[in-house]
Amino acid sequence: MNIEELKNDIEAENFLIDIGVLKINKVCPYCGSTEVYSIRRNHFKCKSCRREWSKYNGTIFKDIRIKPLKFLKIIHELSKGRLIKRISEDLEVSYNTVLKIKNLILKRLLKKVFDIDELKSLFSVGIKLTENGINLNYIENFDINELSTLKNEKIGRLYIFKNYNNYDLYIVFSEKIIKPFEKNSIKLNLNTARKELRYLLKNFSEKVFNGKISNIETLLFTLTHSHLIHEEGEERIFYIFLEILKN
């Protein structure tokens, strides 16, 4: 389904139901009766106990108050790597709403790609080229003293080490500047990276610079997004985002 083919919220809602992202339970949450009917927009009423409730209770829209078509458009724009501020302005939705949806996707991506539930204020990602593609590993415990003796290539508050500890790239993410690393920091040089990793690094670094990204959540989201583009192709990202929202 091409998102441009969806004309209204009813079609968008049906699409989300069909792919399993939106699961609407037509059972009364108060008495358990299945004799329910639609009343005013987005609400059900029970024939037995006469109570009403939002049909989006227990769904992805419970905490994100947005219409289905706008919801899909936001995910589509996020899948293209667009900045939250630009999406908010273009689609005329609040910045916080777009941020909520992005954070929801990030949480699911962290689980899918790295098998973690939350980020620490200091961590690293090891990137290794294998016969099956590029692997990303999330690593919390590493030796700062050992790394401080090595040359690193810096992007903002990211420190990139090449060919360290069996990884082709080893990226340290930090909420603060790591002073021991600064003395050995130089500008990122794509030409010294393995050829197969240059596209990933180029795509990632351009997004960081163009978006002036600094917080570690968005930095990791950006790296993961660049990785998915490299592995799956840009047109697949939208559907990958929808797939992870099913769970």
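None of these values were measured; they are calculated from a predicted model.
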Before giving the answer on side-chain contact (heavy atoms from CB on, under 4.5 Å), spell out for Tyr159 and Glu182 the whole-Å C-alpha distance, their side-chain angles and the decisive distance to 0.1 Å.
CA-CA 9 Å; Tyr159 302 89; Glu182 292 291 310; 2.5 Å; yes
Going by atom type alone, with no hydrogens or angles, which donor-acceptor pairs under 3.5 Å involve a side-chain atom of residues 142-153 and a protein atom two or more places apart or on another chain?
unit_1, atom_1, unit_2, atom_2, d
Asp143, OD1, Asn145, N, 3.0
Asp143, OD1, Glu146, N, 3.0
Ser148, OG, Ile144, O, 3.4
Ser148, OG, Asn145, O, 2.6
Thr149, OG1, Glu146, O, 2.7
Asn152, OD1, Ser185, OG, 2.8
Asn152, ND2, Phe181, O, 3.0
Asn152, ND2, Ser185, OG, 3.3
Glu153, OE1, Lys162, NZ, 3.0
Glu153, OE1, Asn189, N, 2.7
Glu153, OE2, Lys162, NZ, 3.1

Are Asn135 and Ile127 close enough that some pair of their side-chain heavy atoms sits under 4.5 Å apart?
no
Which distance, rounded to the nearest 0.5 Å, do you find between the NZ of Lys55 and the NE2 of His43?
10.5 Å
Once rounded to the nearest 0.5 Å, what's the spacing between atom CD of Glu11 and atom CD of Glu5?
9.5 Å
More than 12 heavy atoms from other groups under 6.0 Å of NZ on Lys176:
no
Exercise: identify the closest heavy-atom pair between Ser121 and Ile216
CA-CD1, 4.0 Å
Would you check if the side chain of Lys102 reaches a backbone N or O of Leu78 as a donor-acceptor pair within less than 3.5 Å?
no
How far apart are the closest heavy atoms of Cys28 and Val36, and which atoms are they?
N-CG1, 3.9 Å
How long is the straight-line distance from CZ of Arg236 back to CD1 of Ile229, given to the nearest 0.5 Å?
13.0 Å
Using the rule that two of Ile, Leu, Val, Met, Phe, Trp, Tyr join whenever any of their side-chain heavy atoms come within less than 4.5 Å, decide whether Leu106 and Ile116 are in one cluster.
yes
Quick one: do the Tyr239 and Glu232 side chains pair a donor with an acceptor below 3.5 Å?
no
Do the non-hydrogen side-chain atoms of Leu109 and Leu228 ever get within less than 4.5 Å of each other?
yes
Is the number of heavy atoms from other residues, nucleotides or ligands within 6.0 Å of CD1 (Ile10) greater than 12?
no
According to salt bridge (Lys or Arg N to Asp or Glu O under 4.0 Å), does anything in residues 89-100 pair up with another residue at least two apart or in another chain? List the pairs.
Arg82-Asp90, Arg86-Glu89
Taking the inter-plane angle between the rings of Tyr199 and His230 on a 0 to 90° scale, is it parallel (under 30°), tilted (30 to 60°) or perpendicular (over 60°)?
tilted
Under 3.5 Å, side chain of Arg198 to main-chain N/O of Asn191, donor-acceptor pair present?
yes
Anything under 30° is parallel, anything over 60° is perpendicular, the rest tilted; go ahead and classify His76 against Phe238.
perpendicular
Show your working on side-chain contact (heavy atoms from CB on, under 4.5 Å) between Ile3 and Phe15 and close with a plain yes or no.
CA-CA 10 Å; Ile3 191 172; Phe15 171 70; over 6 Å; no
Tyr167 with Tyr138, same ILVMFWY side-chain cluster at under 4.5 Å
no
Could you tell me if the side chain of Tyr56 sits less than 4.5 Å from the side chain of Lys62, heavy atoms only?
no
Heavy-atom closest pair, residues Lys85 and Tyr95:
N-CE1, 3.9 Å
Path from Tyr170 to Ile160 over hydrophobic side-chain contacts below 4.5 Å
no
Working to the nearest 0.5 angstrom, can you tell me the gap between Leu119 CG and Leu220 CG?
5.5 Å
Please check: side-chain N/O of Ser124 versus main-chain N/O of Ile139, any donor-acceptor pairing under 3.5 Å?
yes
Considering all heavy atoms of both residues, which atom of Val172 and which atom of Phe161 are nearest to each other, and what is their separation?
CG2-CE1, 3.9 Å
Give a yes or no on whether a salt bridge exists between Lys202 and Glu206, defined as a side-chain N under 4.0 angstrom from a carboxylate O.
yes
Is the number of heavy atoms from other residues, nucleotides or ligands within 6.0 Å of NZ (Lys111) greater than 12?
yes
Does Ser205 use its side chain to pair, donor to acceptor, with the backbone of Leu201 at less than 3.5 Å?
yes
Going through the distances and angles, do Leu104 and Ile60 end up as a side-chain contact (heavy atoms from CB on, under 4.5 Å)?
CA-CA 10 Å; Leu104 177 62; Ile60 202 167; 3.7 Å; yes
Glu13 and side chain to side chain contact (heavy atoms under 4.5 Å, CB included): which single residue from Ile24, Asp18, Leu69 fits?
Ile24
Taking atom NZ of Lys107 as the centre, does the number of heavy atoms from other residues, nucleotides or ligands within less than 6.0 Å exceed 12?
no
Of the non-hydrogen atoms in Pro68 and Leu16, which two are nearest, and what is the gap between them?
CB-CD1, 4.1 Å
Report the distance from atom OG1 of Thr34 to atom CG of Asn25, rounding to the nearest 0.5 Å.
10.5 Å
Nearest atoms (heavy-atom pairs only) where Leu22 meets Phe61:
CD1-CD1, 4.0 Å
For His225 and Phe221, take the angle between the two ring planes, folded into 0 to 90°, and tell me which bin it lands in: parallel under 30, tilted 30 to 60, perpendicular over 60.
parallel
CD1 on Ile101 to CD1 on Ile74, rounded to 0.5 Å:
3.5 Å
Near Lys80 NZ, under 6.0 Å, is it more than 12 heavy atoms from other residues, nucleotides or ligands?
yes
After noting the C-alpha distance and the side-chain angles of Leu99 and Asn103, does the key distance pass the side-chain contact (heavy atoms from CB on, under 4.5 Å) rule?
CA-CA 6 Å; Leu99 180 61; Asn103 285 341; 3.7 Å; yes
In terms of hydrophobic clusters joined by side-chain contacts under 4.5 Å, are Leu245 and Phe114 together?
yes
If the condition is salt bridge (Lys or Arg N to Asp or Glu O under 4.0 Å), which residues does Lys112 pass it with, not counting sequence neighbours?
none
Joint cluster assignment, Leu122 & Leu110, ILVMFWY side-chain distance < 4.5 Å:
no
